[in-house]
Amino acid sequence: QVQLVESGGGLVQTGGSLRLSCAASGSTSRIAGMGWYRQAPGKQRELVAYISRNDETNIADSVKGRFTISRDNAKSTVYLQMNSLKPEDTAVYYCNAHGWAHEYWGQGTQVTVSS
């Protein structure tokens, strides 16, 4: 089993920055890739950024150029650096890890961007 714990959310003004962290524990060798999703009230959860075990990344068009995803050398922690934040970035951000047959989710961390 894999456990994911997110941190780093909070309240910022438009144009500010936040760095989210997701620490993975348990059977981390079974993780094929990790990503960050977000969900605003009344909206579908969407993929924001993804990183593979080979550090290949995929960034959503809505945040490309502003957000970056990375992981540590042990591949047990992933980060989402968010710059130039906009009110439309306001959402609960969830860390996700997937293997061949399972998906794991963190508890979510709230990001609020004020005008």
Side-chain angles (χ1 to χ4, degrees):
Q1 297 296 306
V2 174
Q3 296 79 43
L4 305 174
V5 179
E6 301 115 326
S7 62
L11 173 65
V12 297
Q13 293 182 332
T14 298
S17 298
L18 284 174
R19 188 194 192 201
L20 305 184
S21 299
C22 175
S25 61
S27 301
T28 58
S29 63
R30 309 186 71 172
I31 297 174
M34 299 181 69
W36 286 96
Y37 291 72
R38 67 184 182 185
Q39 187 169 25
K43 296 185 178 180
Q44 188 176 12
R45 187 174 299 185
E46 63 176 346
L47 176 66
V48 177
Y50 174 84
I51 187 167
S52 73
R53 294 185 64 87
N54 293 326
D55 292 329
E56 298 173 331
T57 61
N58 186 290
I59 308 296
D61 289 340
S62 60
V63 302
K64 191 174 184 179
R66 299 186 297 118
F67 292 10
T68 57
I69 188 170
S70 62
R71 69 196 307 165
D72 64 13
N73 292 333
K75 300 183 178 181
S76 61
T77 304
V78 296
Y79 307 93
L80 184 67
Q81 179 66 48
M82 305 185 294
N83 299 324
S84 301
L85 283 162
K86 305 174 181 179
E88 52 262 43
D89 295 319
T90 296
V92 177
Y93 284 71
Y94 297 91
C95 181
N96 169 269
H98 75 90
W100 176 71
H102 295 94
E103 284 193 335
Y104 307 92
W105 293 93
Q107 80 285 354
T109 184
Q110 177 70 49
V111 172
T112 302
V113 184
S114 62
S115 301

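Residue numbers start at 1 and run along the sequence shown. The shown structure was predicted, so the numbers you read here are calculated from the model rather than taken from an experiment.
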- request: Dump the intermediate steps for side chain to side chain contact (heavy atoms under 4.5 Å, CB included) on Asn96 and Tyr104, then the final yes or no.
  value: CA-CA 6 Å; Asn96 169 269; Tyr104 307 92; over 6 Å; no

message: Go through it in stages, so that I can follow the logic: the residues are His102 and Gln1, the test is side chain to side chain contact (heavy atoms under 4.5 Å, CB included), and I'd like the CA-CA distance, side-chain angles, deciding distance and then a yes or no.
response: CA-CA 9 Å; His102 295 94; Gln1 297 296 306; 5.6 Å; no

message: Are the side chains of Tyr37 and Gln39 in contact, using a 4.5 Å heavy-atom criterion?
response: no

message: side chain to side chain contact (heavy atoms under 4.5 Å, CB included), that's the test. Do Met82 and Asp89 meet it? Break it down for me.
response: CA-CA 9 Å; Met82 305 185 294; Asp89 295 319; over 6 Å; no

field: Atom CD of Glu103 with >12 non-hydrogen neighbours under 6.0 angstrom
entry: yes

message: Side chains of His98 and Ile31, heavy atoms from C-beta outward: is any pair under 4.5 Å?
response: no

- prompt: Between Arg71 (side chain) and Ser52 (backbone), is there a donor-acceptor pair under 3.5 Å?
  reply: yes

message: I'd like to know if the side chain of Arg30 reaches the main chain of Gly26, judged simply by a donor and an acceptor atom lying under 3.5 Å from each other, with no hydrogens or angles considered.
response: no

List, one per line, each side-chain donor-acceptor pair under 3.5 Å for residues 12-23, sequence neighbours excluded.
from	atom 1	to	atom 2	distance (Å)
Thr14	OG1	Ser114	O	2.8
Ser17	OG	Asn83	OD1	2.9

message: Is the shortest side-chain heavy-atom distance between Leu4 and Trp105 below 4.5 Å?
response: no

message: For a 4.5 angstrom cut-off between non-hydrogen side-chain atoms, does Ile59 reach Ile69?
response: yes

Transitive ILVMFWY side-chain link Leu11 to Val92, under 4.5 Å: no

query: Side-chain contact, heavy-atom cut-off 4.5 Å: Thr90 with Glu88?
result: no

message: Ring centres under 6.0 Å, that's the criterion: do Tyr50 and Trp36 meet it?
response: no

task: With sequence neighbours excluded, tell me which residues meet side-chain hydrogen bond (donor to acceptor under 3.5 Å, both in side chains) with Thr112.
output: Gln110

Name of the residue among Val78, Thr77, Thr28 meeting side chain to side chain contact (heavy atoms under 4.5 Å, CB included) with Met34: Val78

- request: May I ask you to establish whether Arg38 and Tyr94 are in a cation-pi arrangement, using a distance under 6.0 Å from NZ or CZ to the six-membered ring centre and at most 45° from the ring axis?
  value: no

- request: Give, for atom CZ of Phe67 and atom OG of Ser84, the distance between the pair rounded to the nearest 0.5 Å.
  value: 9.0 Å

- prompt: Does the Gln107 side chain pair with the main chain of Glu6, one donor and one acceptor, at a distance under 3.5 Å?
  reply: yes

